[in-house]
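Per chain, numbering begins at 1; letters A, B, ... match sequence-line order. All values derive from a computational prediction rather than experimental measurement.
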2 protein chains.
Amino acid sequence: MDDSRNVIDIASVKVACQSCGLRQLCLPAGVSPQDMERLDDIIRRLRPISRGGHVFRAGDPLSSIYAIRSGWVKTYALAEDGNEQVTGFHLAGELVGLDAIASGEHPCSAKALDTTSVCEIPFERLEDLSCEVPGLQRQLLRIMSQELTTDEELLMLLGKRSAEERLAALLLSISGRLKQRGYSAHEFRLPMSRNDIGNYLGLAVETVSRLFTRFQQQGLLSVENKLVTVENLDALKFAAGSCSNRDAPSARA
Amino acid sequence: MDDSRNVIDIASVKVACQSCGLRQLCLPAGVSPQDMERLDDIIRRLRPISRGGHVFRAGDPLSSIYAIRSGWVKTYALAEDGNEQVTGFHLAGELVGLDAIASGEHPCSAKALDTTSVCEIPFERLEDLSCEVPGLQRQLLRIMSQELTTDEELLMLLGKRSAEERLAALLLSISGRLKQRGYSAHEFRLPMSRNDIGNYLGLAVETVSRLFTRFQQQGLLSVENKLVTVENLDALKFAAGSCSNRDAPSARA
DNA sequence: CGGTCCCTTGATATTCATCAATATCAGTGG
DNA sequence: CCACTGATATTGATGAATATCAAGGGACCG
């Protein structure tokens with residue numbers, strides 16, 4: 001971690017949220033320019049983490065939460081038996097580590113899937129500041145609430161959807177989020193392994209692999225290793241929610 | 001809603017968090033007595049909601065979140081095709097509606113599974129107050145973070161566990177939460193239908209039903225309709241995680 | 001007492017995991 | 001540049017877990 005002395009001094013640099021392209025997605029959203037400066041004062045940008053490196057590890061005390069500036073992060077928990085549960089794939093503008101607030105230590109680990117840079121946000125200082133800056137408190141609550149909603153959607157996915165629907169939904173989610181950040185929604189690199197995808201979606205690797213080939217055969221995607229091109233977005237959307245063939249005898253409800 | 005004029009005046013009554021047995025579990029935890037009074041000022045206790053009644057419905061604007069005083073609440077979302085996804089079963093001391101903060105309207109509905117009474121907490125006033133009362137802000141964040149953790153555990157359950165493990169885990173969770181609230185951990189009523197259980201766990205009703213009979217045959221439980229008696233707690237724990245020793249002891253509480 | 005919903009049980013179908021055998025890729029060092 | 005190595009991905013064959021279909025029984029509520 002401290003391999004090269006000469007970069008220590010740039011290991012953390014003052015941030016300027018105001019000049020960050022992600023500020024509408026991230027914590028500063030809804031915070032006034034002058035308050036944003038106060039936020040800048042507590043946030044530090046860490047030096048980039050290379051592929052495979054950790055942002056934090058399960059069990060680490062909660063000292064900070066992290067905002068992703070660029071790159072990809074996967075969060076995962078390890079069961080006692082050692083096998084892993086991937087809990088999310090996160091990209092620029094998203095906050096990781098919020099689930100540590102409850103217990104005071106991180107229940108998950110967060111690992112870079114690509115070279116990734118993050119902003120470190122000391123949690124106690126954030127807590128204090130958000131008392132004084134209502135817009136900040138609101139945004140923090142909003143982000144956490146958003147995560148709850150995302151988890152609920154994922155629960156629905158894992159509980160009720162077929163393998164095909166799950167993968168399609170994941171691809172759509174990623175595509176949409178990339179688009180939101182100014183990247184192509186049609187052509188992108190999936191930096192995580194098939195194993196991670198399967199793990200996240202509750203499927204075997206083999207199933208994920210077969211689905212990719214099937215989607216390709218059906219003309220929904222072109223897949224070349226980690227590079228995915230969406231060829232037919234509508235069909236992909238249909239695949240993600242075609243479960244609706246199920247007769248809905250809305251008698252109940 | 002306004003069916004009987006004569007109860008209107010007791011429809012909402014000032015709360016006294018201080019005298020509430022749930023205050024350590026609920027929002028007031030970590031709030032000083034004098035601040036708790038300020039909390040009391042904004043919270044109102046609604047008149048009991050009977051079985052099948054709604055606390056709020058999906059699409060309702062977020063005006064309040066709700067703390068459950070007694071009873072059982074199920075939260076669920078309706079997909080476009082009309083079929084339901086149960087997202088949680090909640091009991092006394094738990095907050096529902098937090099996932100509405102992100103969008104400003106409730107993404108889920110909340111329905112009473114039994115006669116249930118709740119405290120209504122106007123969200124904007126809570127937001128304001130929690131700026132002034134740091135202990136309150138902290139507890140609110142802690143509760144939301146706790147929900148994130150719970151969802152993550154559930155994700156693991158749905159993604160990687162067998163039907164048997166899922167049901168066992170649910171029963172243990174319920175048993176543990178009831179115990180925490182001073183009820184019997186060994187004998188309790190499950191107020192939700194088998195359908196709801198299956199829906200929540202991502203299983204068919206029939207599977208749930210078969211599992212109950214199997215557990216009974218194996219001597220883990222006695223089941224009589226909605227009444228469940230845990231006969232062999234250790235075996236149930238074993239069934240819940242043949243690999244994971246989830247310890248009930250209050251790591252957090 | 002009749003109806004309706006809910007639960008249980010059995011038989012069958014289907015999806016997906018598992019096992020096993022390559023195949024491909026990303027490094028590493030010759 | 002190539003051979004070697006271990007990780008990762010694909011593909012096929014098989015089986016197990018669980019959904020689905022179908023039918024009957026029981027509980028609850030008017």
Side-chain angles (χ1 to χ4, degrees), chain A residues 50-52 74 83-86 111 113-115 157-168 170 189-218 221-228 239 242-243 245-253, chain B residues 50-52 74 83-86 111 113-115 157-168 170 189-217 221-228 239 242-243:
Chain A
S50 52
R51 183 164 185 278
K74 102 173 174 191
N83 71 30
E84 180 175 317
Q85 166 70 32
V86 176
K111 181 190 270 192
L113 289 171
D114 248 344
T115 300
L157 206 65
L158 294 193
K160 311 206 110 47
R161 309 303 223 182
S162 69
E164 203 171 294
E165 292 170 319
R166 294 183 204 182
L167 183 60
L170 174 63
R189 209 180 84 85
L190 291 174
M192 67 294 279
S193 70
R194 300 285 194 264
N195 221 316
D196 284 340
I197 295 176
N199 189 306
Y200 177 67
L201 295 176
L203 300 172
V205 200
E206 295 94 328
T207 304
V208 174
S209 193
R210 279 185 249 271
L211 285 172
F212 272 117
T213 48
R214 194 194 305 171
F215 281 167
Q216 194 161 14
Q217 285 164 355
Q218 295 171 338
L221 304 174
S222 300
V223 183
E224 197 177 333
N225 294 328
K226 298 196 177 304
L227 198 75
V228 173
S242 59
C243 182
N245 309 356
R246 313 199 24 61
D247 46 346
S250 47
R252 201 170 184 281
Chain B
S50 52
R51 184 164 183 277
K74 105 175 171 189
N83 72 31
E84 181 175 317
Q85 167 69 33
V86 175
K111 182 190 269 192
L113 289 171
D114 248 345
T115 301
L157 205 65
L158 293 193
K160 310 208 116 44
R161 310 301 221 180
S162 70
E164 203 171 295
E165 292 170 319
R166 295 184 204 182
L167 182 60
L170 174 63
R189 210 179 84 85
L190 290 174
M192 68 293 280
S193 71
R194 299 287 195 264
N195 221 315
D196 284 339
I197 295 177
N199 189 306
Y200 178 67
L201 295 176
L203 300 172
V205 201
E206 295 93 328
T207 304
V208 174
S209 191
R210 280 184 249 270
L211 285 172
F212 272 116
T213 49
R214 195 193 305 170
F215 281 168
Q216 194 162 15
Q217 284 164 356
L221 304 174
S222 301
V223 183
E224 196 176 335
N225 295 325
K226 298 195 175 304
L227 200 75
V228 172
S242 313
C243 22

- Task: Using a 4.0 Å cut-off on protein heavy atoms (strictly under), produce a 5'-to-3' string for nucleotides 14-24 of chain C with B for base contact, S for backbone-only sugar-phosphate contact, and - for none.
- Result: --SSBBB----

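- Using a 4.0 Å cut-off, no side-chain N or O of B:Ser209 falls inside it from OP1 or OP2 of C:dT9.
- The CZ atom of A:Arg51 sits 15 Å away from the P atom of C:dC25 (whole-angstrom rounding).
- Rounded to whole Å, atom P of D:dA17 lies 18 Å from atom NZ of B:Lys160.
- What separates CG of B:Asn199 from P of D:dT20 is a distance of 12 Å, to the nearest Å.
- Going from atom CD of A:Gln217 over to atom C1' of D:dT10 covers 12 Å, rounded to whole Å.
- Ion pairing of A:Lys111 with A:Glu84 is absent here, as no side-chain N (NZ or NE/NH1/NH2) approaches a carboxylate O to less than 4.0 Å.
- Of the candidates B:Leu170, B:Asn195, B:Ile197, B:Val208 forms a side-chain contact (heavy atoms from CB on, under 4.5 Å) with just one, namely B:Ile197.
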- Query: Does the pair A:Arg166 and A:Leu211 meet the rule for a side-chain contact (heavy atoms from CB on, under 4.5 Å), with working shown?
  - Reply: CA-CA 10 Å; A:Arg166 294 183 204 182; A:Leu211 285 172; over 6 Å; no

- Message: Would A:Lys160 and B:Gln85 count as a side-chain contact (heavy atoms from CB on, under 4.5 Å) here? Give the steps.
- Response: CA-CA 8 Å; A:Lys160 311 206 110 47; B:Gln85 167 69 33; 3.0 Å; yes

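- A close approach under 4.0 Å does not occur between any side-chain nitrogen or oxygen of B:Lys226 and OP1 or OP2 of C:dC6.
- The nearest whole Å value for the distance from the CG atom in B:Leu227 to the P atom in D:dA27 is 14 Å.
- Heavy atoms of A:Ser193 sit under 4.0 angstrom from primed sugar atoms or phosphate atoms, though from no base atom.
- Rounded to whole Å, atom P of D:dA17 lies 17 Å from atom CG of B:Leu167.
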- Message: Quick one, B:Leu157 with A:Leu158, criterion side-chain contact (heavy atoms from CB on, under 4.5 Å). Give me CA distance, side-chain angles, the key distance, then yes/no.
- Response: CA-CA 10 Å; B:Leu157 205 65; A:Leu158 294 193; over 6 Å; no

- Message: Could you walk me through whether B:Leu221 and B:Phe212 satisfy the side-chain contact (heavy atoms from CB on, under 4.5 Å) test, starting with their C-alpha distance in whole Å, then the side-chain angles of each, then the deciding distance to 0.1 Å, before giving a yes or no?
- Response: CA-CA 8 Å; B:Leu221 304 174; B:Phe212 272 116; 4.1 Å; yes

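- For the pair B:Asp196/B:Leu113, a side-chain contact is recorded, criterion being any heavy-atom separation below 4.5 Å from C-beta on.
- Put simply, CD on B:Gln216 is 13 Å from C1' on C:dC7, counting in whole angstrom units.
- Taking atom CZ on B:Arg194 and atom P on D:dC28, their separation rounds to 12 Å, with Å as the unit.
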